[in-house]
> 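Have a look at this one before I ask anything.
Sequence lines set the chain letters: A, B, ... in the order given, protein chains first and strands last, and positions in each chain run from 1.
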Protein chains: 2
Amino acid sequence: MSDTTRRQLPTLAARAVTQAHGGGGKAMKDLIDDVFVREFTALPEVLEDQARLELAELACLGDRLAMTTDGFVVDPLFFPGGDIGKLAVCGTVNDLAVGGAHPRYLSCAVILEEGLPIDDLRRIARSMATAAREAGVEIVTGDTKVVERGACDGVFITTTGIGVIPAERKLGIERIQADDVIIVNGWLGDHGAAILAARGDLSLDTDLESDCASLNGLIEALLAAAPETRCLRDATRGGVATVLNEMADASRLAIELDDLALPLRKEVRGMCEILGLDPLYLANEGKLVAVVPAAQAEAALVALRGHPLGKEAAIIGQALVGKPGRVTLRTGFGGQRIVDMLVGEQLPRIC
Amino acid sequence: MSDTTRRQLPTLAARAVTQAHGGGGKAMKDLIDDVFVREFTALPEVLEDQARLELAELACLGDRLAMTTDGFVVDPLFFPGGDIGKLAVCGTVNDLAVGGAHPRYLSCAVILEEGLPIDDLRRIARSMATAAREAGVEIVTGDTKVVERGACDGVFITTTGIGVIPAERKLGIERIQADDVIIVNGWLGDHGAAILAARGDLSLDTDLESDCASLNGLIEALLAAAPETRCLRDATRGGVATVLNEMADASRLAIELDDLALPLRKEVRGMCEILGLDPLYLANEGKLVAVVPAAQAEAALVALRGHPLGKEAAIIGQALVGKPGRVTLRTGFGGQRIVDMLVGEQLPRIC
């Protein structure tokens with residue numbers, strides 16, 4: 001339905017979220033109309049408890065439905081390069097896309113803290129709508145809860161996505177073979193570093209921005225160029241190191257990385273040195289790890305670099321016959337160190 | 001996959017949730033394995049970012065996919081008749097079923113507060129698994145986030161459900177016609193009253209239990225007996241009054257209720273009198289409002305009463321040509337009062 005034909009939507013008088021906005025009554029309806037129905041144009045004007053989607057339309061895109069869910073609790077809500085709304089859309093789109101699915105529909109459940117400025121919520125909703133439009137997905141259903149002051153921290157958003165996997169696509173980490181090549185699509189750790197800087201309590205002065213982006217377009221370009229791609233993962237919480245450990249573990253292979261090949265911005269490297277962090281564990285929100293057979297690595301790299309979100313794509317390592325499940329990093333000095341699974345936690349509330 | 005063939009799952013040493021359990025690394029993997037993979041037997045042992053579901057299997061059940069999402073923030077987490085886990089499964093199952101869908105798959109995203117006892121989480125997960133089994137749905141994917149102490153209140157759960165609507169089913173509130181009959185499947189307000197009593201700060205001594213239950217079985221029985229049923233709604237937040245106001249509003253009809261016909265337990269009526277609450281606005285978690293053409297009302301009632309979750313089913317009112325959107329209650333004394341949409345909020349954190 002186009003914006004122009006939508007019924008007159010109310011404009012809220014309230015300037016902050018109150019408990020009444022979660023009560024299920026008129027105040028909630030007005031909030032949802034004013035903030036969400038206005039922005040999420042795929043929502044019907046009379047909201048049912050559920051969205052209804054034609055199965056035949058989905059079946060045209062493939063043979064398997066993909067379903068994924070993600071809760072977002074990032075702190076702060078707004079940061080250079082994005083906000084919790086953009087993150088919630090891109091994160092779920094990416095979870096679908098790395099499995100080979102065409103992302104189609106999202107649901108959005110928000111938990112709001114009493115006192116949250118309505119303008120902040122509007123800004124977040126607008127940001128979700130923009131990110132959804134750019135990724136080609138529709139936000140078709142949602143839920144709003146309000147908790148008292150102090151019972152949650154501003155806004156938490158849970159997005160769930162469904163998409164369709166084309167019949168011929170067989171991506172999975174169990175498909176990794178020895179000699180396969182490990183590729184990333186660009187600078188690592190930008191999201192984690194940007195959030196850390198945005199928290200302000202470290203007085204870090206930097207121009208870093210989150211890399212938050214929907215990767216479904218990039219992934220389609222990659223799979224067209226390298227159809228034998230074994231698997232893809234987005235390297236969010238836990239960073240590239242965690243993804244690679246899961247890959248090594250599932251394939252019973254070793255993975256060897258080349259420190260000099262890791263695409264790391266000078267600022268990120270510097271921040272990690274100062275704070276004693278390992279950039280391999282920093283969260284990314286627009287970076288994927290692709291495992292590609294060596295024969296298609298060049299084609300994959302060219303395809304990635306030809307896309308705006310893959311200009312700095314690089315081969316960072318290789319799967320090898322070796323100690324099963326072990327990930328190692330060859331350092332510039334000819335040494336080697338083990339890259340273990342993250343044991344504690346590096347940065348809380350990163351996404 | 002049967003429990004017996006699952007790989008040896010770790011047992012967590014930790015007794016409370018820590019920030020590390022949300023970090024994306026080993027601690028999180030262990031928590032998910034120990035608590036969720038153990039209970040949710042539909043989860044694969046090697047978790048991908050997404051569940052993959054056969055479209056052909058879904059197409060056997062109908063022609064439209066239903067998708068719905070709901071966040072749960074109920075306080076307290078455990079209450080007579082249920083807990084947040086059971087509520088999260090039943091609530092989403094019901095949102096699907098009232099639209100005529102066969103509920104099939106759920107996702108589950110949890111936000112945990114640092115310090116939450118692992119045993120509480122286990123109990124919640126077990127309760128979700130039981131409720132899912134009873135409703136015939138599978139929990140196929142999930143997400144876990146941890147926030148610092150004080151940044152959320154124990155556990156918040158967002159469940160998203162997908163189901164399939166059979167081709168012949170056409171339920172919708174726009175289908176309500178004058179003279180249609182309004183039916184509920186039993187005692188109203190039990191959930192709201194039970195939660196209120198469980199909060200303890202009112203020192204109410206009662207045996208009331210939440211009516212939390214999955215209604216998909218009951219709904220199938222109803223639709224078999226009364227196939228012309230116009231629409232169904234579950235009367236959760238905002239209670240029966242809110243549902244009826246939405247129905248009256250969408251159909252441009254009036255709805256008249258009969259106070260003497262409302263199935264209300266003596267305890268609920270009493271509690272409402274003491275506290276100045278209106279039972280029509282109390283939340284239910286196992287009650288639906290069905291609008292049925294008068295000719296099928298008797299058949300509907302018989303079908304509902306023949307089901308364990310509908311023994312106290314009753315006709316409570318009727319849609320009429322009258323002031324469009326107006327809901328009124330005929331009182332026992334021959335009077336009449338308007339039942340408006342809930343304006344403020346009655347009870348926060350009820351679901």
Side-chain angles (χ1 to χ4, degrees), chain A residues 19-20 22-27 46 48-56 58-59 63-71 73 95-96 98-99 101 105 107 109 111 140-143 145 147-148 150-153 156 158 160 162 165 173 233 236-238 242 250 341-346 348-349, chain B residues 19-20 22-27 46 48-56 58-59 63-71 73 95-96 98-99 101 105 107 109 111 140-143 145 147-148 150-153 156 158 160 162 165 173 233 236-238 242 250 341-346 348-349:
Chain A
Q19 294 263 5
K26 185 166 173 352
V46 176
E48 296 276 347
D49 280 326
Q50 50 170 254
R52 294 169 182 181
L53 316 165
E54 294 298 325
L55 266 171
L58 294 170
D63 63 344
R64 286 152 296 159
L65 206 65
M67 179 180 192
T68 182
T69 193
D70 234 331
V73 298
D95 277 350
L96 291 170
V98 293
Y105 300 109
S107 66
I111 299 174
V140 289
T141 189
D143 183 58
K145 292 289 187 306
V147 295
E148 66 276 21
C152 93
D153 201 4
F156 297 156
T158 298
T160 304
I162 59 178
I165 309 174
I173 54 177
R233 278 291 176 94
T236 57
R237 257 189 305 180
T242 300
M341 188 126 176
L342 186 62
V343 174
E345 46 90 34
Q346 198 172 30
R349 310 275 303 273
Chain B
Q19 295 262 5
K26 185 163 172 359
V46 176
E48 296 277 349
D49 279 327
Q50 51 169 255
R52 293 169 183 183
L53 316 164
E54 294 297 324
L55 266 171
L58 294 169
D63 62 344
R64 285 153 297 161
L65 206 64
M67 180 180 193
T68 182
T69 193
D70 233 331
V73 297
D95 276 349
L96 291 171
V98 294
Y105 300 108
S107 66
I111 298 173
V140 290
T141 189
D143 182 60
K145 291 289 186 308
V147 295
E148 66 275 22
C152 92
D153 201 3
F156 297 155
T158 297
T160 304
I162 59 177
I165 309 173
I173 55 177
R233 279 289 177 97
T236 56
R237 257 187 308 178
T242 299
M341 188 123 176
L342 186 62
V343 175
E345 47 92 34
Q346 199 170 34
R349 310 274 304 269

> To the nearest 0.5 Å, what is the distance between NZ (Lys26(B)) and CG (Leu342(A))?
11.5 Å

> What do the steps show when you test Phe156(B) against Val147(A) for side chain to side chain contact (heavy atoms under 4.5 Å, CB included), and what is the final call?
CA-CA 11 Å; Phe156(B) 297 155; Val147(A) 295; 4.2 Å; yes

> Hey, which of Ser107(A), Gly150(A), Ala59(A) has the most heavy atom pairs under 4.5 Å with chain B?
Ser107(A)

> When heavy-atom pairs shorter than 4.5 Å are enumerated against chain B, which of Gly142(A), Ala101(A), Ala56(A), Ala27(A) gives the highest number?
Gly142(A)

> So, taking the atom named CG in Leu53(A) and the one named CE in Met67(B), what distance separates them when rounded to the nearest 0.5 Å?
7.5 Å

> Determine whether Thr69(B) and Thr69(A) make a side-chain contact, defined as any pair of heavy atoms from C-beta on separated by less than 4.5 Å.
no

> Counting distance only, does the side-chain N/O of Gln50(B) pair as donor-acceptor with the main-chain N or O of Asp95(A) below 3.5 Å?
yes

> Name the member of Arg237(A), Glu148(A), Met341(A) that forms the most heavy-atom pairs with chain B at distances under 4.5 Å.
Arg237(A)

> Please identify, among Thr158(B), Val98(B), Leu65(B), Leu96(B), the residue contributing the most non-hydrogen atom pairs under 4.5 Å to chain A.
Leu65(B)

> Considering all heavy atoms of both residues, which atom of Thr68(A) and which atom of Thr141(B) are nearest to each other, and what is their separation?
CA-CG2, 4.0 Å

> With a 4.5 Å cut-off on heavy-atom pairs, point out which of Asp70(A), Leu58(A), Asp153(A) contacts chain B the most.
Asp70(A)

> Any idea which heavy atoms bring Arg52(B) and Gly99(A) closest together, and the distance?
NH2-O, 3.5 Å

> What part of Ile111(A) is in contact with chain B, defined as an atom under 4.5 angstrom from a non-hydrogen atom: side chain, backbone, both or neither?
side chain

> Under a 4.5 Å heavy-atom cut-off, does chain A meet the side chain of Thr242(B), its backbone, both or neither?
side chain

> Provide the closest heavy-atom pair for Ala151(B) versus Arg349(A) in the form atom of the first, atom of the second, distance.
CB-NH1, 3.6 Å

> Can you tell me which of Ile165(A), Thr236(A), Thr160(A) forms the most heavy-atom pairs within a distance under 4.5 Å of chain B?
Thr160(A)

> Compare every heavy atom of Ala109(B) with every heavy atom of Gly71(A), then report the nearest pair and how far apart it is.
N-CB, 4.4 Å

